[in-house]
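One structure is given below, encoded as structure tokens.
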Amino acid sequence: MASVRTVDDTQLLVVADDGDRLSSVAERECDAELLTASTADAALETLTERPVDCILTPHRLPDASGLEFLERVREREPDCPVVFAPSDGDETLASAAITAGVTEYVPEGRRATDLAAAIRRALETGRAKRKQRAQSRQFSALFDDPKTYSWVLTPDGDVRRANEVALEAIDTTETAVRGQSFADLPWWRCAEAGQTVLEAALERAAAGEIVHREVTQAQVADEAGDAADPRTLEVTIRPVYDDSETVVSLLARATDVTERVRLEQELRESEELHRVTLNNMTDTVLITNDAGEFTYVCPNVHFIFGYTDDEIHEMGTIDELLGPDLFDRAALEADGVLTNIECTATDRAGRERTLLVNVREVSIQDGTLLYSCRDVTTRKHREEALTALHRTTRKLLYAETDREIADIIVEDAPEILDLEASGAYLFDTDDNVLRPAAVSSGLTRLHGPLSQRRATTDSIAGGVFVEGQSRFFADIHDAETLSDPTTDLRSGGFVPLGDHGVFVVGSPVVDAFDDVARELTDLVATTAAAALDRVERERTLRERDRELKQRNRELTRLNRVNEIIRELDAALVRAETRAEIEAAVCERLTSADRFSFAWIGSSDVTDERLAVNAHGGTGRGQDYLDSVSLSLAEGCEPAVLTATTRDVTVVSNVVDQLHDEPWRSEALAREYQSITSVPLAYDQFSYGVLTVYADQPDAFDEVTRTVLAELGETIAAAIAAAERKQALLTDSRTRLEFDVFDDGFVFSRLAQATDCVLSFDGGVRLHEDGAAVFATVTNASPDVVADAADELVAVERAQVISGTEPSTENGTVLLELSAPFLALQLADHGVVLHSVEATPEQTRIVVDVPQTVDANASIDVVSHAFSDVELHAKRSVDRTAASDRRAELLERLTDRQLEVVQLAYYGGYFESPRDRSGAEIADTLGISPAAFYRHIRTVQRTLFTILFEEIGLPANTTSRVE
């Protein structure tokens with residue numbers, strides 16, 4: 001049958017057929033939803049599927065008895081009310097039914113009203129039990145909440161019950177804590193003042209008050225020793241009443257509110273931060289209504305406008321502060337927000353401020369428009385200054401001098417820095433001073449002209465330059481090194497321009513330099529220093545470029561000179577005579593358009609004029625030599641000057657003093673514009689002059705002049721070598737005899753010191769460091785002479801070769817003489833030292849001068865070698881064939897072979913009987929006897945070859961040599 005659902009949703013299960021009277025009574029008398037089942041099994045299935053508040057059942061059922069059904073019901077629902085209404089029964093059945101747990105027993109004989117009343121009572125009991133069960137479930141759900149600690153306490157505060165979460169928190173059991181005072185439980189031992197707080201809360205709860213307390217547990221280290229974060233618990237204690245409104249128990253619950261407390265703390269801190277931020281931030285927030293009236297003014301409004309928030313409110317509307325028509329209201333309604341509206345406002349001090357304003361639609365209390373104002377006055381000023389600085393930088397890019405850069409920064413400083421006084425010092429490296437390079441009219445008016453300053457710390461500008469650090473003064477009169485106390489400048493800034501100088505700015509106002517002004521001043525100085533660095537680099541590059549070009553020109557000239565030198569060296573090596581040397585030099589100097597004309601001249605036999613030995617170049621050169629005076633007495637031509645002074649003569653420009661010297665016009669007529677003349681001299685021996693002419697002014701630079709001067713020595717040396725060679729091939733020569741009265745001459749000193757006659761016949765063995773001679777000693781012991789020679793600096797070593805016997809007053813001494821020695825000087829010019837004989841009174845020297853060598857120059861060499869010398873005799877002699885063979889023999893012998901045979905000869909080895917043996921001579925020479933005999937045999941074989949094979953002496957076979 002259909003069931004009717006009641007308001008309170010009470011459900012009655014009737015176990016009977018559709019036409020059973022029980023169903024009729026229940027449907028008629030009870031206000032409940034009827035559920036019917038025809039069998040016990042069906043009723044039990046319904047009981048399983050749906051909650052039932054009461055069961056009405058007869059005793060007889062198709063599949064079980066009423067008692068059996070009741071027993072099965074109690075197994076499933078022990079508390080469900082059951083009304084047992086048997087159709088027939090007795091006291092035994094009633095007793096059994098009551099024992100089985102029926103709620104109401106109504107036999108059939110009783111009136112229907114009794115059955116209805118019983119059903120109603122049972123339903124009421126079911127509803128009460130259902131409510132009790134629901135409350136029990138709710139309490140259990142509340143009590144066993146896994147996120148909440150729960151306790152049931154006695155009114156005195158002792159624990160009756162605790163949920164699992166609370167027990168697990170302290171790792172205990174309900175039995176262990178039952179009966180303990182709640183305030184003494186381990187939960188609260190680590191809480192600050194936890195016991196005192198909870199005891200007071202328990203007393204108030206026992207008196208009927210719901211108490212809330214927050215308890216913070218201190219940090220407790222875990223097993224690993226790490227400290228846990230403190231926890232905050234919210235403890236609530238509620239009184240529980242009975243039906244008589246008596247407190248019978250207390251329900252205590254604790255919830256972990258650590259996160260909530262943290263969030264509340266953060267919220268409080270955030271509110272405080274917000275308050276502090278609003279009070280201190282530079283942006284100002286204003287809120288108005290639609291009429292523009294202020295509804296909120298940020299406390300920091302004074303930062304921008306200088307007014308207090310009350311003064312802003314008194315203005316009335318936003319238009320009074322920011323001006324009318326700040327924005328388009330239609331655009332705001334369309335976009336909801338307008339940003340970066342630039343406007344100008346006047347602050348309380350009357351200064352204009354540039355603002356960026358953002359306007360937004362809001363709904364805050366009575367406000368509808370929010371204005372966010374940002375002061376960009378400083379930024380605007382910086383942007384304008386940077387724009388001006390950019391223009392200045394572009395100017396500096398094209399500046400070419402330091403002073404031009406100084407003028408630019410001083411001229412543009414007022415626009416960039418908004419300061420009327422500026423100036424610039426530039427450092428003078430030569431004098432080590434800072435010199436004023438540019439001064440603005442404002443600085444001149446306030447301070448007067450700038451004075452130069454030493455680059456020392458005695459002045460502000462000097463100290464800034466030396467230390468390289470900027471200095472700004474709020475009041476320059478406070479500076480210790482102020483040079484002018486009367487200046488009208490008050491604020492001052494001194495910034496170094498790198499290593500180039502100092503930039504100066506100033507104002508008649510005290511403390512005119514804020515952070516922006518200092519920053520911009522440094523930027524101007526830095527930009528100027530970069531420009532000065534650029535100019536210096538470019539100047540250095542230009543100088544280097546000029547130096548490089550100059551060096552390239554010099555290298556070109558040097559290469560040309562080197563080429564000339566190489567060609568001349570090759571020509572000098574090939575030339576065999578003086579004429580060939582002089583012709584080769586003139587030809588090489590004028591070939592390939594090197595020089596226009598070159599010639600070599602020497603004094604003629606009369607020493608009255610220069611004779612032209614050789615020339616090269618254009619045909620006009622010979623015409624020039626024919627047209628000028630070459631007289632040594634009167635001429636002033638460069639070649640004549642060099643011949644008379646023996647110094648290099650240089651004429652950089654022939655045009656200079658053109659009409660004072662006749663030769664200049666002759667040279668210019670032939671396009672000779674510069675001239676250099678160098679002497680040809682070697683070891684005080686003059687071989688003439690070399691003169692070179694060029695077709696342009698200043699053609700002979702320092703390098704070329706030096707090379708030509710050295711070339712003069714080289715040519716002279718080549719001529720000397722050629723004459724030496726020619727001297728060996730010339731039969732006729734001039735013999736000069738000199739009387740020397742010079743105690744410095746080594747032979748003179750030895751003769752005077754030992755009172756002997758010391759001589760040698762010209763057998764000089766020359767070597768790199770000096771010469772060795774075999775000197776014959778007469779009237780004195782050779783040992784005495786050798787000892788005296790060892791005391792002289794000019795003698796490297798003295799060795800007695802023969803005459804070693806004590807009674808002997810004649811002998812030979814080998815003298816190793818150090819340079820310079822007369823024989824070496826003469827040999828360099830082809831002159832041969834023939835003999836020397838020194839006595840205690842005087843010394844006679846004999847030299848042979850070949851025909852190819854200037855005899856007068858040879859006399860000069862000897863005259864310069866001694867302090868007092870006289871020419872005794874001069875005569876011509878011819879070389880004999882024997883002399884030629886002697887020279888040929890000397891050429892075939894090595895120096896060592898000649899040394900050995902000379903020592904053997906002068907040592908008496910060839911005497912009969914021998915004065916000294918070969919072994920003794922070898923020991924003197926420091927060689928083995930075998931080497932000595934080998935050298936002797938070689939010399940003898942060479943001598944006999946020349947004597948018998950080349951000279952062809954006839955052999956005398958009839959005579960015998962004893």
Side-chain angles (χ1 to χ4, degrees), residues 1-138 242-243:
M1 63 179 288
S3 62
V4 179
R5 190 167 183 81
T6 61
V7 177
D8 61 0
D9 203 21
T10 303
Q11 297 183 354
L12 173 63
L13 175 60
V14 180
V15 184
D17 295 335
D18 291 342
D20 191 93
R21 70 178 180 85
L22 295 178
S23 298
S24 300
V25 173
E27 185 176 2
R28 184 177 63 250
E29 300 292 340
C30 299
D31 186 13
E33 180 183 358
L34 294 182
L35 302 174
T36 60
S38 59
T39 63
D41 290 339
L44 291 173
E45 184 176 354
T46 300
L47 187 63
T48 303
E49 295 175 352
R50 304 184 63 178
V52 175
D53 296 314
C54 180
I55 299 175
L56 176 60
T57 179
H59 178 54
R60 297 184 185 277
L61 298 171
D63 53 352
S65 66
L67 292 177
E68 292 175 348
F69 173 64
L70 180 60
E71 183 179 355
R72 294 168 65 183
V73 168
R74 289 291 177 247
E75 291 177 355
R76 297 188 181 187
E77 295 290 341
D79 297 328
C80 183
V82 177
V83 177
F84 192 52
S87 58
D88 56 351
D90 51 15
E91 294 180 358
T92 303
L93 179 59
S95 176
I98 292 170
T99 303
V102 297
T103 306
E104 296 287 343
Y105 182 79
V106 183
E108 186 177 4
R110 299 177 63 175
R111 293 191 303 246
T113 56
D114 293 340
L115 179 59
I119 292 174
R120 284 193 291 273
R121 288 193 300 272
L123 286 173
E124 185 65 27
T125 302
R127 280 193 293 269
K129 288 186 177 182
R130 186 181 64 175
K131 181 178 180 181
Q132 186 178 11
R133 287 195 301 272
Q135 291 176 343
S136 178
R137 286 194 297 271
Q138 290 175 359
D242 60 5
D243 294 339

Q: Show your reasoning for whether side-chain contact (heavy atoms from CB on, under 4.5 Å) applies to Val106 and Phe84.
A: CA-CA 6 Å; Val106 183; Phe84 192 52; over 6 Å; no

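Pairs of residues two or more places apart, or lying in two chains, that qualify as side chain to side chain donor-acceptor pair (under 3.5 Å) and include a residue from residues 39-48 are Asp41-Arg72, Thr48-Arg76.
Of all heavy-atom pairs between Leu70 and Ala97, the closest is CD2-O, 3.9 Å. Across all their heavy atoms, Ala64 and Ala40 have their closest contact at CB-CB, 4.2 Å. Taking both residues in full, the closest heavy atoms of Val52 and Cys80 are given as O-SG, 3.8 Å, listed atom of the first, atom of the second, then distance. Of all non-hydrogen atoms in Glu104 and Ala118, the two that sit nearest each other are CG-O, 3.6 Å.
Within the 3.5 Å criterion, the main-chain N or O of Leu12 finds no donor-acceptor partner in the side chain of Asp53.
We find the OG-CD distance between Ser65 and Glu71 to be 9.0 Å, quoted to the nearest 0.5 Å. Once rounded to the nearest 0.5 Å, the distance linking CG of Leu123 with CD of Gln11 reads 11.0 Å. From Thr103, atom OG1 reaches atom CD1 of Ile55 across 9.0 Å, with rounding to the nearest 0.5 Å. Atoms SG and CD, on Cys54 and Glu124 in that order, are 11.5 Å from each other to the nearest 0.5 Å.
For the pair Phe69 and Asp63, the minimum side-chain heavy-atom distance is 4.5 Å or more. Put simply, the side chain of Thr57 does not reach to within 4.5 Å of the side chain of Leu13, judged on heavy atoms. Side-chain contact between Arg74 and Val82 is present, with at least one heavy-atom pair separated by less than 4.5 Å.
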